[in-house]
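Here is the naming used below: chain letters follow the sequence lines, and residue numbers restart at 1 for every chain.
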Amino acid sequence: MQAVVVNNEPLMEGIYRLTLEGRHGGKAGQFYMLRCWDSFPLLSRPISIHDLSEDSITFLYRVHGGGTELLSKLLPGNSLTLEGPYGNGFPSPQGRTALVGGGMGIAPLLLAAKEMPEADVYLGYSGEAFAESSFRSIRSSGGLTIISGGTILDSLEPHRYDTIMTCGPVPMMEELARRCAGSGASLYVSVEKRMACGIGACNGCAVETPSGIKKACVDGPVFPVEEVNFHDLALL
Amino acid sequence: MQAVVVNNEPLMEGIYRLTLEGRHGGKAGQFYMLRCWDSFPLLSRPISIHDLSEDSITFLYRVHGGGTELLSKLLPGNSLTLEGPYGNGFPSPQGRTALVGGGMGIAPLLLAAKEMPEADVYLGYSGEAFAESSFRSIRSSGGLTIISGGTILDSLEPHRYDTIMTCGPVPMMEELARRCAGSGASLYVSVEKRMACGIGACNGCAVETPSGIKKACVDGPVFPVEEVNFHDLALL
Amino acid sequence: MTSLCCKVGTLNLRNPIIMASGTFAFGAPYAKLYPLDSLGGISTKGLTVEPRTGNRGTRLIETASGLMNSIGLENPGLSHFLQFELDRMCQYDTAIIVNLGGGSLEEYEKGASMLQQAAATRAAEGKRGIDMVELNISCPNVKQGGMQFGLHTEKAREAVRIVRRITDLPLMIKLSPNAYDLTGMAAMCEEEGADAISLVNTFLAMSVDLKSRRSSFQQTYAGLSGPAIKPIALRMVHQVCRSTSLPVVGMGGITTAQDVLEFIMVGASAVQIGTGNFMNPRTGASLAGEVTQLMKKERIESLEEIRGVI
Amino acid sequence: MTSLCCKVGTLNLRNPIIMASGTFAFGAPYAKLYPLDSLGGISTKGLTVEPRTGNRGTRLIETASGLMNSIGLENPGLSHFLQFELDRMCQYDTAIIVNLGGGSLEEYEKGASMLQQAAATRAAEGKRGIDMVELNISCPNVKQGGMQFGLHTEKAREAVRIVRRITDLPLMIKLSPNAYDLTGMAAMCEEEGADAISLVNTFLAMSVDLKSRRSSFQQTYAGLSGPAIKPIALRMVHQVCRSTSLPVVGMGGITTAQDVLEFIMVGASAVQIGTGNFMNPRTGASLAGEVTQLMKKERIESLEEIRGVI
Ligand SMILES: Cc1cc2nc3c(=O)[nH]c(=O)nc-3n(C[C@H](O)[C@H](O)[C@H](O)COP(=O)(O)OP(=O)(O)OC[C@H]3O[C@@H](n4cnc5c(N)ncnc54)[C@H](O)[C@@H]3O)c2cc1C
Ligand SMILES: Cc1cc2nc3c(=O)[nH]c(=O)nc-3n(C[C@H](O)[C@H](O)[C@H](O)COP(=O)(O)OP(=O)(O)OC[C@H]3O[C@@H](n4cnc5c(N)ncnc54)[C@H](O)[C@@H]3O)c2cc1C
Ligand SMILES: Cc1cc2nc3c(=O)[nH]c(=O)nc-3n(C[C@H](O)[C@H](O)[C@H](O)COP(=O)(O)O)c2cc1C
Ligand SMILES: Cc1cc2nc3c(=O)[nH]c(=O)nc-3n(C[C@H](O)[C@H](O)[C@H](O)COP(=O)(O)O)c2cc1C
Ligand code: FES
Ligand code: FES
């Protein structure tokens, strides 16, 4: 499917917010496969839904390598190809809920925060914060904690929550898992794996779980922490 | 060498005029190897110098495949890589001189017409004319013949010239060669061959001549007609 | 009327576009995107007698115009396939080719007899079944993945012979581009009574992770596919077509209608599309139409007209 | 201090960056762009006893991240080289590797003795000479281009043996990726007393011209090089490095500092850059520096530290 770029603004060095025209499906934690090139690079790039409206969809991404670099060159009016929404997305919140994002991992949490207005939101940035104003505008009456240049985990008391959902660097999520253990909170983790097809056809995005091999693209990217092997995740 | 785009204007469907900043070397009939991409496609593209000024260089090109398509997307302010000037260029005119261009082959003739103010210029287009206004402005007092949608060769009387230089489709140049034979005019032909290096290192641009194999990129692209095997040229 | 009909041995195909093993699962993921009836055929993910979990660690690395994979034959096993997947596949009006993997002669033998039996049972029940078996002796990604069969003609002969003895289903042998002697392999397939040959499987390749100073893949090597390999695959298909009278299904980096016709011109009876599905998941929906268009443009009336002209 | 010094057998190189045969002529075209003293070495265009005019028709086709060439060993002949080109090359302060092509044992023999003699004469005159001979038994582009030697180990053995008997110049054998048995080839080179191995030459490949319904190349097949083949070349260099104790010069699609270090990590003593020169003619001016930078970033002090770690 083709869509036209409304906006592709740099929020800070190497971080862009891309908004496309049209009504697109999806829920928080799901992703699209994006490409704005013909045959090079080969694969499309999985990017989470950052925000959705009646007539637009927004992605938040970091320029990492060649593919995201090409995305960053898009101008308003250009068109690109997107396929999706793919993946399971975050589960419905059960009881008191926290959303915990680290770095680029905050991307899928904006839509999650919208879908779960009761959930507390914790955002951690190793450096300067970005896209935090979008979160402020939907949590103007509180429930938002932001830490720049430090760890967000120290601000969070897992036992205060029934459900915690997280997306961020593997070491951060692993530490969060340690802190949640025995706290009574159920933790859901959004994982990243290299993907070729995004639809369950290539077996490329295998995730090792106690109940066997699963696919990050269709069974995930969100998994209950019990299913996640952080050692396996660290090997992208 | 990097240069910044001043302008990249479509003159008609699929035909662009690209102007770059800076003082660049070269003479009529020479070419540059251009690229505005990293590694895909692999090779740079040979494009003739269309015009030169103190502080700019201009190319005229047709979108043919992937490489020229990427060129056509350049915007003012973008930068691209060029290496050159390469090739021998047109010889100094001897006596009464005509420049005969067909289709895209008119590209190198603008600078040639400037360098040889006495030369008569003949431009033939199979369809609508393009870039002809540039020629009109330097031949305002005559010496310019333009035919759109027909053959330019019928307007030309070879015996009236001592030197004829041509660039255009192979069948046109071959027909011109036939008409020049015995006319007394010396004919110089600008040829196109696939090029990998552009500098005489790969032997990819071989041209069969009676005096042995020559290289289009360093011994050419302009050859005396005696050296040219049109049958060989037709196989690009 | 431009016709895309073609045959691979006794198997009639609506068009020459078959989806390649390992890139199309059992069709279901793509059936959500477009009707699979537009396809010539589907080759299933490689199946083994027992389910396999596949390889650990990184399974995919992109290269310049190529894709390396080290899936390691992850699959649910033949029983699961025959019980749960095959009926669903039979709903698609397209040829069903079962890709049979294995690591030992015994496994190939067992797998082949499971397929033979299932086909017989289905036939008795009046159900559609398995249109062809594609014997994969060329998976480079598992120690016991058949690669050792794929390299040596005489080793491969044993596998082909045993499978041929067991099944009378149309049998296509999928060759490895890493084989020592590709045309020798093809001759062997003909001698052993196979019905067709497909090639190429992936090229054995390597990628290094600079930071860890190790191979990117736990199995050291992985298989390269995609447009990068097309020129080599095309040459191999040409060589094999000229050396055997068996029908050949060509593949390796095919993504466009032009690619399809090139493989037909060097002699392929049909083609398979693998990595192309990842570049555009709707390739199967449009490619046959694009081939027809290109044939019209080039004034080619049928595939026979150009098959093997080079 | 990060050091790029390295050795290929007895030959000391300033850095591991050697320009590959057929892509650098005899250096002169690039000497206009940058000082060649920054290079580890230059391998000349393949030379034969007699001048050759090369192949007719199309000689170059671009593919996805690859380049096909069918130059056909066009070269001015050894006498011309020794008389006119070698002196000029000797002005560059970099290792001079003469790539020796041929189509028959006699031709290899004659060529080797011309080189041996020239080296002796130059030594007597106190002149710099030929630092190494790279024996090309793997050109795929001419019927008599040595390709038939490059495929079969025992055929190759004859060529290596005859050249080794004639010259005591350092001798490197350039292997074909199309060889039936690559590690067997490497073992043969070692047995026959070669000093080093280089690989890969180009992959036999094909391109079709749809309009004319013919191969794009008059020789039907041509040789594929460039980034497309890198993953396969890297695997082959790894396999050969693990199977021989001879030093190996690796190549195939190298264009970046990362590529260089990958080849070193799989065991290469040095590398060659071919097609990369066409993507950026100044590659040779910057690559060694980029390798140094990358080594610093990755905290690698010397090439020995990482050579063959995988
Ligand atoms: C489900 C999912 C959702 C994602 N959502 C976002 C998002 O919202 N914002 C964002 O900035 N990034 C997101 N990523 C990561 C993003 O996909 C990668 O940064 C991107 O693919 C890198 O491509 P590249 O060409 O820039 O980098 P390169 O390193 O050049 O890519 C090389 C190859 O590795 C793959 N790759 C590299 N890093 C990753 C990664 N982290 N995950 C998966 N594949 C990778 C690429 O897809 C490509 O195939 C998400 C990843 C997944 C799996
Ligand atoms: C000396 C010289 C001067 C030229 N000057 C001009 C000019 O001023 N304006 C202009 O429009 N065109 C010019 N051309 C032709 C131009 O180089 C090709 O149109 C261009 O390379 C096509 O690239 P592509 O990627 O768009 O097409 P593709 O067909 O995708 O290219 C595929 C490959 O074939 C090569 N190729 C295709 N056509 C030609 C061709 N005609 N000549 C050489 N290589 C070709 C490409 O370089 C590339 O390597 C010139 C060619 C030469 C040799
Ligand atoms: C992710 C992936 C998985 C594959 N799995 C199998 C398999 O299970 N069995 C098989 O015979 N081939 C398998 N292949 C090989 C393809 O079927 C095909 O032979 C190869 O990819 C070349 O074609 P392509 O370049 O069009 O992808 C796989 C390829 C890929 C990319
Ligand atoms: C245009 C061209 C000409 C070549 N000529 C020769 C040659 O004369 N002798 C030789 O040994 N290799 C020759 N080669 C092969 C290269 O030296 C090198 O082995 C091959 O291109 C792979 O390296 P690359 O991918 O870096 O180009 C040639 C390659 C190209 C592209
Ligand atoms: S990305 Fe292909 S199965 Fe998940
Ligand atoms: S283009 Fe390389 S020699 Fe002319």
Atom pair CG (Asn69(D)) and SG (Cys202(B)), whose distance is rounded to the nearest 0.5 Å: 8.5 Å
Between Arg194(B) and Ile61(D), is the side-chain contact (heavy atoms from CB on, under 4.5 Å) condition met? List the steps. CA-CA 8 Å; Arg194(B) 287 170 194 265; Ile61(D) 290 281; 3.9 Å; yes
Given side-chain contact (heavy atoms from CB on, under 4.5 Å), test Ile213(B) with Arg56(D) step by step and report yes or no. CA-CA 10 Å; Ile213(B) 302 288; Arg56(D) 306 189 67 175; over 6 Å; no
Is a side-chain N or O of Arg59(D) found less than 3.5 angstrom from the main chain of Asn203(B), in a donor-acceptor match? yes
Max heavy-atom pair count under 4.5 Å with chain B, selected residue of Gly22(D), Gly57(D), Pro51(D): Gly22(D)
Looking at Ala234(B), Pro41(B), Ala196(B), which has the largest count of heavy-atom pairs under 4.5 Å with chain D? Ala196(B)
Does Gln2(B) CD have over 12 foreign heavy atoms under 6.0 Å away? yes
Tell me, side chain or backbone of Met33(B) under 4.5 Å from chain D's heavy atoms, or both, or neither? neither
Answer whether the closest heavy-atom distance between the side chains of Asn280(D) and Arg35(B) falls below 4.5 Å. no
Heavy atoms, side chains only, cut-off 4.5 Å: are Thr23(D) and Cys197(B) in contact? no
Counting only heavy atoms from other residues, nucleotides and ligands, does the tally under 6.0 Å from NE2 of His231(B) exceed 12? no
Is a donor on one side and an acceptor on the other found under 3.5 Å between the side chain of Glu62(D) and the backbone of Leu43(B)? yes
Between Glu83(B) and Arg282(D) (salt bridge meaning N to carboxylate O under 4.0 Å), is one present in this structure? yes
Which bit of Lys45(D) is near chain B, if near means a heavy-atom gap under 4.5 Å: side chain, backbone, both or neither? side chain
Mind ranking Gly226(D), Ser65(D), Gly274(D), Gly27(D) by heavy-atom pairs under 4.5 Å with chain B and telling me who comes out on top? Ser65(D)
Contacting moiety of Thr63(D), where chain B heavy atoms sit under 4.5 Å: neither
Does any part of the side chain of Ile199(B), heavy atoms only, come nearer than 4.5 Å to the side chain of Tyr30(D), both counted from C-beta? yes
Pick whichever of Leu236(B), Thr81(B), Asp232(B) has the most heavy-atom pairs under 4.5 Å with chain D. Leu236(B)
Look at atom CD of Glu128(B) and say whether more than 12 heavy atoms of other residues, nucleotides or ligands are closer to it than 6.0 Å. no
Which heavy atom of Gly200(B) sits nearest to which heavy atom of Ala25(D), and what is that distance? O-CB, 4.0 Å
Counting only heavy atoms not in Asp38(B) (residues, nucleotides, ligands), do more than 12 fall under 6.0 Å from its CG? no
